[in-house]
Visitor: 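The structure is given below, and queries will be raised subsequently.
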Amino acid sequence: MFLRRTLWRRGLRSEAQLRELLRRGLSSASPSPSLPPFDHQPRPYKGMLADEVLEKRKKFLGPSLFYYYQKPLNIVEGKMQYLYDETGKRYLDAFAGIVTVSCGHCHPDVVNAVVEQSQLLQHTTTIYLHHAIVEFAEALASKMPGNLKVVYFVNSGTEANELAMLMARIYTGNLGMIALRNAYHGGSAGTIGLTGLQTWKYPIPQGEIHHVMNPDPYRGVFGSDAARYAKEVEDHIDYGTSGNVAGFIAETFQGVGGAVELAPGYLKLVYDIVRKTGGVCIADEVQSGFGRTGSHYWGFETQGVIPDIVTMAKGIGNGLPLGAVVTTPEIASVMSKRIQFNTFGGNPVCSAGGLAVLKALDKEKRQAHCADVGSQLIDRLRTLQQKHDIIGDVRGRGLMLGVELVSDKDKTPAKAEAAVLFEKLKDLGVLVGKGGLHGNVFRIKPPMCFTKQDADFLVDALDYAISRL
């Protein structure tokens, strides 16, 4: 389809003519774009090489694990927004370890905090007192609006969403949870139910989960009409539940689903509907929190709402296994009816590292930086969209962006072309993520130290790759 459209646009009659044109173009092609200079020399790597790593991985790790690229990369070192493979080749990391590295790979402030705490005390649990967990909790609570002041520390986003769902059900006395189609909230037995993408769901009981229409401005049936999507939620509660629900959960910026920003005003309307049924509202900030969107510190703030429960992970620890649930004292009080405990949640090392992350993001003004760099990146990507028909949509805010590739004006997902471009970008030194049900969305969510020079290089590399598709 893309090939036929290219023939038509260039006034060519056959694929042979197009191939000849490409051959001539490539023979006189301009040089490929180069990575911006960066003052870091990776250490010589003397460890296991990629082929042996892959062989042992297949032998000793679960077969469900997947990897990127036809020949997977053996990444052995990282520094700020860059990664290095076993040969010392440098790559621009535009995916941040699946939106996890917030202030930069091996950020010195975070590394120093982790090392210093590890040398003093690595682990107790919350059965003893330790200053690190309360200092971190206080700092995190200070970032939250309203009465969101009680913090529970866990180890991942999946755990955070499991705990949030448990809280909602215990607090309300109801069981039904409402989630969005195209959402991703984790891979545990419980959060698989909340997830709305069949590629991530095993055929197990979902347990009182209701999925409603996704308010996707690009692909949704109602476009950007938040009121019509909200009415569908109301109808679903009336016709598909007992009339009372435990809660509603949503990412404001869907991550795995392909960087979809919910229709403007949607959460405010739906939160009102859900609260009238006795339910609570949960914001999944696992990917969009900590200033990544540029305009706001939390993704839900872009919708002008205050949730009852907020979940977070990934960027909170810059790579440490760390997650959190923040809620109100009223909701938190119901958890004291039984023993609620997490062995590793808020351990001294992760708490010290997490606090260092918050301080680094503030010190380096990363929210404002994301807004500034993100604005330039979005402008350049939208200019590129005008040049290449394969770019169907450019969306997101700050450094939480998506580029959707399509084959035609009917928005047919360009799955094959996306796979080719994905490899080409890697060869040029750019590592992006993939998302959406069909894997046709490039997820651009780099460490928040990503610069304007990096942004220009990424767009130049994408232009270069598409032009030679």
Side-chain angles (χ1 to χ4, degrees), residues 177-185 193-201 209-241 245 248-274 281-288 293 295 299-305 307 378 381-382 385 389-397 400-415 418 433-445:
M177 291 291 301
I178 298 175
L180 296 177
R181 299 171 193 172
N182 200 56
Y184 180 83
H185 296 293
L194 296 174
T195 292
L197 291 157
Q198 61 93 4
T199 45
W200 298 86
K201 295 170 77 73
I209 306 292
H210 304 265
H211 289 94
V212 295
M213 284 184 180
N214 189 35
D216 180 349
Y218 182 65
R219 288 193 175 273
V221 294
F222 301 137
S224 296
D225 192 338
R228 295 180 74 183
Y229 291 113
K231 180 63 168 60
E232 191 265 340
V233 176
E234 188 172 37
D235 288 346
H236 191 98
I237 292 172
D238 288 342
Y239 294 99
T241 76
V245 298
F248 168 84
I249 185 169
E251 311 155 272
T252 313
F253 296 80
Q254 292 176 331
V256 174
V260 176
E261 180 176 0
L262 307 186
Y266 174 78
L267 286 187
K268 187 172 181 60
L269 295 171
V270 172
Y271 276 22
D272 288 344
I273 292 167
V274 170
C281 300
I282 304 168
D284 182 334
E285 292 287 329
V286 169
Q287 294 196 22
S288 58
T293 64
S295 61
F300 62 78
E301 292 176 312
T302 67
Q303 294 264 335
V305 296
I378 292 169
L381 287 169
R382 287 183 174 153
Q385 182 182 12
D389 293 342
I390 194 172
I391 301 178
D393 193 30
V394 173
R395 53 181 177 254
R397 301 189 190 200
M400 184 81 178
L401 306 180
V403 175
E404 180 156 357
L405 305 180
V406 297
S407 298
D408 50 45
K409 292 182 179 179
D410 294 327
K411 303 180 183 178
T412 303
K415 294 184 286 187
K434 288 193 295 185
L437 183 63
H438 303 286
N440 66 311
V441 181
F442 286 159
R443 298 166 67 188
I444 301 172
K445 303 167 185 182

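What's counted below: heavy atoms across the whole structure, side chains too, no hydrogens, waters or symmetry copies. Computed from a predicted structure; not experimentally measured.
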Visitor: Looking at Glu404 and Arg219, is any side-chain nitrogen of the basic one under 4.0 Å from a carboxylate oxygen of the acidic one?
Guide: yes
Visitor: Measuring from Asn214:CG to Asn182:CG, what's the distance to the nearest 0.5 Å?
Guide: 5.0 Å
Visitor: With sequence neighbours left out, write down each residue that passes side-chain contact (heavy atoms from CB on, under 4.5 Å) with Ala230, or none if nothing qualifies.
Guide: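 Residues passing side-chain contact (heavy atoms from CB on, under 4.5 Å) with Ala230: Leu269, Val270, Ile273.
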Visitor: Give, for atom CZ of Phe253 and atom CD of Glu285, the distance between the pair rounded to the nearest 0.5 Å.
Guide: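 Interatomic distance, Phe253 CZ to Glu285 CD, rounded to 0.5 Å: 8.5 Å.
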Visitor: Any heavy-atom pair between the side chains of Ile391 and Leu405 that's under 4.5 Å?
Guide: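 When only atoms from C-beta onward are counted, Ile391 and Leu405 do touch, with a gap below 4.5 Å.
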Visitor: Assess the residue pair Val212 and Ile178 against the criterion (side-chain contact (heavy atoms from CB on, under 4.5 Å)); give the C-alpha distance rounded to whole Å, side-chain angles, the decisive distance to 0.1 Å, and a yes or no.
Guide: CA-CA 7 Å; Val212 295; Ile178 298 175; 3.8 Å; yes
Visitor: If you take all heavy atoms of Pro264 and Ala226, which pair is closest and at what distance?
Guide: O-CB, 3.3 Å
Visitor: Does Lys268 have more than 12 heavy atoms from other residues, nucleotides or ligands lying within 6.0 Å of its NZ?
Guide: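 Counting neighbours around NZ of Lys268, 12 or fewer heavy atoms of other residues, nucleotides or ligands fall under 6.0 Å, so no.
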Visitor: Please check: side-chain N/O of Glu301 versus main-chain N/O of Val305, any donor-acceptor pairing under 3.5 Å?
Guide: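 Not at all, since once roles are kept as given, no pair shorter than 3.5 Å links the two residues.
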Visitor: What's the verdict on side-chain contact (heavy atoms from CB on, under 4.5 Å) for Val441 and Val403, showing C-alpha distance, side-chain angles and the deciding distance?
Guide: CA-CA 5 Å; Val441 181; Val403 175; 5.8 Å; no
Visitor: Does Tyr218 reach the side chain of Val406, with side-chain heavy atoms less than 4.5 Å apart?
Guide: yes
Visitor: Taking all non-hydrogen atoms of both residues, which atom of Tyr271 and which atom of Ala283 are closest, and how far apart?
Guide: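 The answer is OH-CB, 4.0 Å.
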Visitor: Keeping His211 on the side-chain end and Leu194 on the backbone end, is there a donor-acceptor pair under 3.5 Å?
Guide: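 Pair found, side chain donor or acceptor close to backbone of Leu194.
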Visitor: So which atom in Ser407 and which in Pro413 form the shortest heavy-atom distance, rounded to 0.1 Å?
Guide: OG-O, 3.9 Å
Visitor: Taking all non-hydrogen atoms of both residues into account, name the closest pair between Arg397 and Ser295 and its distance.
Guide: NH1-OG, 3.0 Å
Visitor: Counting distance only, does the side-chain N/O of Thr195 pair as donor-acceptor with the main-chain N or O of His185 below 3.5 Å?
Guide: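 Answer holds: yes.
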Visitor: How long is the gap from CZ on Arg228 to OH on Tyr266, to the nearest 0.5 Å?
Guide: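 It comes to 14.0 Å.
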Visitor: Rounded to the nearest 0.5 Å, what's the gap from CG on Leu267 to OG1 on Thr302? Could you check?
Guide: 7.5 Å
Visitor: A quick test of your reading: do over 12 heavy atoms of other residues, nucleotides or ligands sit less than 6.0 Å from NZ of Lys415?
Guide: no
Visitor: For Asp410 and Thr412, indicate whether the former's side chain and the latter's backbone hold a donor-acceptor pair under 3.5 Å.
Guide: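 Answer holds: no.
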Visitor: Are the side chain of Gln287 and the backbone of Gln254 linked by a donor-acceptor contact shorter than 3.5 Å?
Guide: no
Visitor: Between OG1 of Thr293 and CD of Glu261, what distance do you get to the nearest 0.5 Å?
Guide: 8.5 Å
Visitor: Is it true that Asp235 and Lys231 make a salt bridge, defined as a side-chain N closer than 4.0 Å to a carboxylate O?
Guide: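 Looking at Lys231 together with Asp235, the answer is yes, because their closest N to O distance falls below 4.0 Å.
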Visitor: Are the side chain of Tyr229 and the backbone of Gly223 linked by a donor-acceptor contact shorter than 3.5 Å?
Guide: yes
Visitor: Would you name the heavy atoms of Ser224 and Pro217 that are closest together and state the gap between them?
Guide: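 Distance-wise, the nearest heavy atoms are OG-CB, 3.2 Å.
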Visitor: If you take all heavy atoms of Ile282 and Met177, which pair is closest and at what distance?
Guide: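 Scanning both residues completely, I find the closest heavy atoms to be CD1-CE, 3.9 Å.
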Visitor: How many angstroms lie between atom CG of Leu180 and atom CG of Asp216, to the nearest 0.5 angstrom?
Guide: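 If we round to the nearest 0.5 Å, Leu180:CG and Asp216:CG are 10.5 Å apart.
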Visitor: May I ask you to decide if Ser288's main-chain N or O and Lys445's side chain share a donor-acceptor pair within less than 3.5 Å?
Guide: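 Side chain of Lys445 to backbone of Ser288, a donor-acceptor pair under 3.5 Å: no, none is there.
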Visitor: Are the side chain of Gln303 and the backbone N or O of Thr252 linked by a donor-acceptor pair below 3.5 Å?
Guide: no
Visitor: Using atom types as modelled and distance alone, determine if a side-chain donor or acceptor of Lys434 lies under 3.5 Å from a backbone N or O of Arg443.
Guide: no
Visitor: Any heavy-atom pair between the side chains of Arg395 and Val260 that's under 4.5 Å?
Guide: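 Yes; the side chains approach each other to less than 4.5 Å.
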